[in-house]
Structure formats: C-alpha cells, structure tokens
Amino acid sequence: MAAARPDLRRRVQAQRADALAHDLVRSRRVVTRRDGVRLQIDDRWLLNFCGNDYLGLAQQFQVVDAVQGAAARDGVGGIGSHLVCGHHVAHEALEREVADWLQVPRALVFGSGYAANLAVQQALLGEDDTSVQDRLNHASLIDGARLAGCRLRRYPHGDAEGALRQLRTVPTGAAMLATDGVFSMDGDVAPLRQLALVARVQSALLYVDDAHGVGVLGPGGRGSVAEARLGVDEVPLQLVTLGKALGGYGAVVAGDVDLVEHLAGNARPYLYTTALPPPQAAAALAAVKLARREHWRRDKLAALVQRFRDGMHARGFALPDSATPIQPVPCGDNARALDMAARLEVEGFRVAAIRPPTVPEGRARLRVTLCAAHGEDQVDALVAALARARDAIDAARAA
C-alpha cells in the first residue's frame with residue numbers, strides 16, 4: 001500500500017493562512033500606463049518612488065527609438081538559443097560596448113540577472129567546491145549555489161573577516177566569494193577592497209553582482225568595482241543588469257576571457273534558453289551609451305539622494321547609511337510598513353512595503369528609490385508625506 005502523501009493544496013492553504021496572520025500576503029498591482037516617474041494604478045496617477053530606473057532611461061526617446069527600429073527590422077523574438085541561431089549582431093555590439101565601458105576583455109549577454117547568477121555558479125562550481133556569500137545577498141546568488149550543488153557558507157553582512165573565517169573552514173576544493181556590490185534592500189555597498197584581499201589570500205574567485213551599482217556609482221558610472229579601484233585581476237567576473245539603471249531588461253556577465261568563454265559553452269541557463277530579443281539588446285546598447293556620456297544624470301541623482309536624506313533627518317527619521325538611490329525607511333513590524341505604504345498611496349505616492357522573507361524578521365521597511373527624472377519638489381513632497389504618515393500611525397497606536 002502506497003504511503004500517504006501530503007496534499008499540496010492543503011499545504012498551500014495552510015501557508016496562505018499563516019501569511020495572512022502575519023501580514024505577509026503579496027498582491028500584484030496592475031499598472032495601466034507609465035509616464036516618466038508617474039504610474040497609473042486603479043485609475044489614479046501616482047508618483048513612483050519604488051522602481052529601479054535610477055537614471056531615468058526606461059522611456060528616454062533614443063532608447064525607445066532603438067527598440068522600435070530593431071523590432072521593425074528584426075522582429076520581436078530571439079527565436080533560438082545563442083548557440084543555435086539566436087546570437088544577433090545586436091547582442092555582439094552590446095557585449096563589446098559593456099566590456100569597453102567596464103574596461104574588461106569580454107562580456108556575455110543573458111536573459112536576466114537571475115539567470116546569470118545561476119549560470120556563473122553552476123558552470124564554475126561542483127559538489128566538492130564552496131560558495132561563500134554575504135548573508136544579505138540577492139536570492140539568485142543563493143539559488144545559484146544550490147543549482148551548482150556546492151557547499152554554501154554565509155557570513156555576517158558586510159563582514160570581510162567573517163568571509164575569511166568561512167573560507168578557512170573549507171580549505172579543499174575550489175572556492176567562490178560572491179557578493180552584491182550594492183545591496184538591493186539596504187542600499188549599502190560591499191567592502192570590496194577587503195573582500196578582494198580575502199579572496200586573494202584564500203585563492204578564491206571574487207564574483208560581484210553589481211546590479212544596483214553599475215550606471216550609478218564609480219568613475220563614468222562603471223559601478224562599485226570601479227569605485228573600489230579594482231579591476232579584472234581582483235574581480236574576474238561581475239554582473240551588470242540591464243533592468244535597473246539602464247532601464248531595460250536582461251543582464252551581462254563581464255570579465256576574464258577564459259571564464260566568460262567557459263560560461264558561453266557550459267552554463268545551462270545560457271545554453272538552454274532563447275536569446276534575449278534583439279530589440280531589447282538594441283535598447284540596452286543605446287542606454288549604455290547614454291549612461292556613459294550623460295554624467296549629469298548621476299550628478300542629479302546624487303543631489304536628490306542627499307536632499308531626501310537631509311529632509312528625512314530634519315524630520316527625525318533615522319535612516320540606514322546609504323548614499324545610493326536605495327533609501328530604506330525602517331518600520332519594524334509588517335503591519336506598520338503596510339500602513340505607511342497605504343497612507344502614502346492615499347496622498348499620491350507609490351512606495352513598496354518590503355517584508356520578510358525579502359528582509360529579516362522584524363526589519364520591515366519602505367524601500368524608497370530615487371530617479372534622475374524626479375524633481376526636487378517631488379522629493380520634498382514625499383518627505384513631508386512620510387512624516388505625516390509616521391505621525392498619524394504613532395497617534396493611532398498611542399490612542
């Protein structure tokens with residue numbers, strides 16, 4: 001007689017009931033239209049302060065023209081994997097441009113940053129190897145280690161000495177030290193120079209997911225690796241996402257020639273999927289060129305970040321240390337984060353409430369993100385609305 005199996009529907013129902021009880025249910029909001037930093041949701045226009053279009057390139061006319069022109073000429077699909085018939089001249093041009101921008105010898109286009117992080121670890125690590133990672137790394141880095149089947153060791157956030165201790169516990173097998181460059185929920189920057197030293201001492205390969213750094217930080221917008229004055233010798237591989245500061249979709253892994261070529265021939269998330277549509281690659285190429293030459297976007301963004309932080313501090317908010325466009329506003333419990341977000345929406349602002357498991361228990365927050373397309377008056381209005389929401393919630397809870 002077959003053993004009784006758990007009923008998956010009942011399991012799902014129990015998990016949903018638990019999520020409801022702890023204010024953890026997620027829901028999708030339908031965006032009807034976008035116009036720069038404004039979103040239309042449920043027939044209302046809201047100022048968007050939770051997207052990742054840091055340089056304001058998602059609807060920039062030259063980027064949109066590149067999509068339209070490539071789609072008219074080549075169609076909308078990748079039609080095959082890169083190694084069959086999907087590798088287009090637009091992909092090749094994008095790879096060359098990104099490699100030149102980051103001052104590395106080689107680059108490889110992927111369909112998404114998530115797929116790229118799976119690919120790097122799956123292609124380079126095996127069951128006898130180790131991936132050592134920051135505890136607050138993006139989920140895709142964690143999942144990449146799981147796909148590789150290697151040992152996964154995690155160190156306290158931003159703790160280079162912790163990374164060293166973890167590497168010392170597994171002295172055999174190949175090792176990768178993987179970290180976000182800019183952490184997506186906290187906005188702080190990894191201690192890359194210290195991590196590079198740890199990697200060198202322990203003969204580990206340092207891999208930096210710079211999804212939220214490239215385009216924003218460093219000389220010429222080359223990201224957190226360049227800001228730390230590191231090159232391909234210290235950081236043999238780094239990830240560039242095309243869907244954050246560059247406003248599009250997809251990703252590029254850039255770095256050492258041999259390693260990148262190995263990914264092209266052996267990474268399952270690259271081999272067994274359709275290539276990024278050529279129009280998306282053409283849009284990304286246009287966005288990279290703009291990001292390289294229009295330094296005013298980074299200058300304005302940095303000024304808006306400082307304006308937001310100054311305004312928040314003046315109103316008594318304690319913000320984590322972040323000089324990036326990601327500005328978390330701590331709320332503590334999940335209900336407070338949801339209440340804050342709802343009150344902001346009533347006033348015309350879209351700001352996401354971030355809750356576990358995306359962040360640790362007890363550390364729910366609003367994730368405010370700033371964009372070069374925001375105006376100073378819009379940032380000031382958000383700060384005032386945040387203060388009103390906080391005060392109203394405090395008064396209600398004290399009653």
Side-chain angles (χ1 to χ4, degrees), residues 98-99 101-108 110 113 116-126 129-138 140-145 147-148 150-184 188-214 217-219 222-241 251-263 267:
V98 170
W101 184 24
L102 299 188
Q103 299 177 9
V104 299
R106 185 75 169 84
L108 188 68
F110 282 84
N117 278 339
L118 296 181
V120 167
Q121 294 182 85
Q122 174 270 314
L124 295 176
L125 300 175
D129 303 325
T130 303
S131 177
V132 173
Q133 302 197 22
D134 190 292
R135 188 160 293 279
L136 295 188
N137 271 358
H138 191 268
S140 57
L141 285 169
I142 305 300
D143 291 351
L147 177 62
C150 64
R151 293 176 293 246
L152 173 62
R153 299 288 187 271
R154 300 172 77 178
Y155 58 89
H157 177 53
D159 183 357
E161 290 187 4
L164 177 62
R165 288 193 297 271
Q166 290 288 18
L167 283 164
R168 283 175 172 169
T169 65
V170 278
T172 60
M176 179 180 293
L177 177 52
T179 182
D180 285 12
V182 174
F183 291 88
S184 60
D188 56 335
V189 181
L192 293 181
R193 289 191 66 82
Q194 296 96 313
L195 291 173
L197 178 60
V198 168
R200 182 173 65 81
V201 168
Q202 288 294 309
S203 300
L205 187 148
L206 179 56
Y207 173 51
V208 178
D209 174 349
D210 209 20
H212 296 272
V214 168
L217 300 179
R222 292 190 285 116
S224 62
V225 173
E227 185 175 63
R229 304 187 307 281
L230 301 173
V232 71
D233 291 338
E234 297 86 6
V235 184
L237 290 174
Q238 60 181 298
L239 173 75
V240 179
T241 186
V252 176
V253 174
D256 176 85
V257 171
D258 292 337
L259 294 175
V260 173
E261 289 296 338
H262 179 77
L263 297 180

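These numbers were taken from a predicted model, which means no experiment stands behind them. Residue numbers start at 1 and run along the sequence shown.
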Hey, does the side chain of Q121 reach the backbone of S131 with a donor-acceptor pair shorter than 3.5 angstrom? no
If you take all heavy atoms of S224 and V189, which pair is closest and at what distance? CB-CG1, 4.2 Å
Only counting residues at least two apart or in another chain, list the ones meeting side-chain hydrogen bond (donor to acceptor under 3.5 Å, both in side chains) with S140. N117, H138
Using side-chain heavy atoms (C-beta onward) and a distance below 4.5 Å, is L167 in contact with T130? no
Which residues pass the side-chain hydrogen bond (donor to acceptor under 3.5 Å, both in side chains) test with D256, not counting sequence neighbours? none
Apply side-chain hydrogen bond (donor to acceptor under 3.5 Å, both in side chains) to T241 and list each qualifying residue two or more places apart in sequence or on a separate chain. none
In Å, rounded to the nearest 0.5 Å, how long is the span from CD of Q133 to CG of D209? 10.0 Å
Within the 4.5 Å heavy-atom criterion, are V214 and V98 side-chain neighbours or not? no
Check: V182 and L217 side chains under 4.5 Å, non-hydrogen atoms: yes
To the nearest 0.5 Å, how far apart are CZ in R135 and OH in Y155? 11.0 Å
Of all heavy-atom pairs linking L152 and A145, the shortest is CD1-CB, 3.9 Å
Heavy-atom pair with the smallest gap, counting every atom of A107 and V260: C-CG1, 4.0 Å
Is there side-chain contact between L239 and D210, with heavy atoms separated by less than 4.5 Å? no
Do the side chain of N137 and the main chain of D180 share a donor and acceptor less than 3.5 angstrom apart? yes
Can you tell me how far the CG atom of L263 sits from the CD atom of Q122, to the nearest 0.5 Å? 9.0 Å
In this structure, CG of L141 is separated from CG of L118 (nearest 0.5 Å) by 9.0 Å
Donor on one side chain, acceptor on other, D134 and T179, under 3.5 Å: no
For a 4.5 angstrom cut-off between non-hydrogen side-chain atoms, does M176 reach V120? yes
Are Y207 and L124 close enough that some pair of their side-chain heavy atoms sits under 4.5 Å apart? no
Residue pair L205, L259: steps toward the side-chain contact (heavy atoms from CB on, under 4.5 Å) verdict: CA-CA 11 Å; L205 187 148; L259 294 175; 3.5 Å; yes
Quick test of your reading: applying salt bridge (Lys or Arg N to Asp or Glu O under 4.0 Å), list the pairs with at least one residue in residues 152-164, sequence neighbours left out, ordered by first then second residue. D159-R165
So which atom in A160 and which in Q194 form the shortest heavy-atom distance, rounded to 0.1 Å? CB-CB, 3.6 Å
Under 4.5 Å between any side-chain heavy atoms of R200 and E234, yes or no? no
What one should report as the nearest heavy-atom pair of A119 and A267 is CB-CB, 3.6 Å
For F183, give me all partners under ring-ring contact (aromatic ring centres under 6.0 Å, His included), at least two apart in sequence or on another chain. H157
Could you pull out the closest heavy-atom pair between A163 and V132, with the gap in Å? O-CG1, 4.1 Å
Only one of L195, V198, L197 passes side-chain contact (heavy atoms from CB on, under 4.5 Å) with L164, and that residue is V198
List for me each residue that meets side-chain hydrogen bond (donor to acceptor under 3.5 Å, both in side chains) alongside Q166, sequence neighbours excluded, and say none if there are none. none
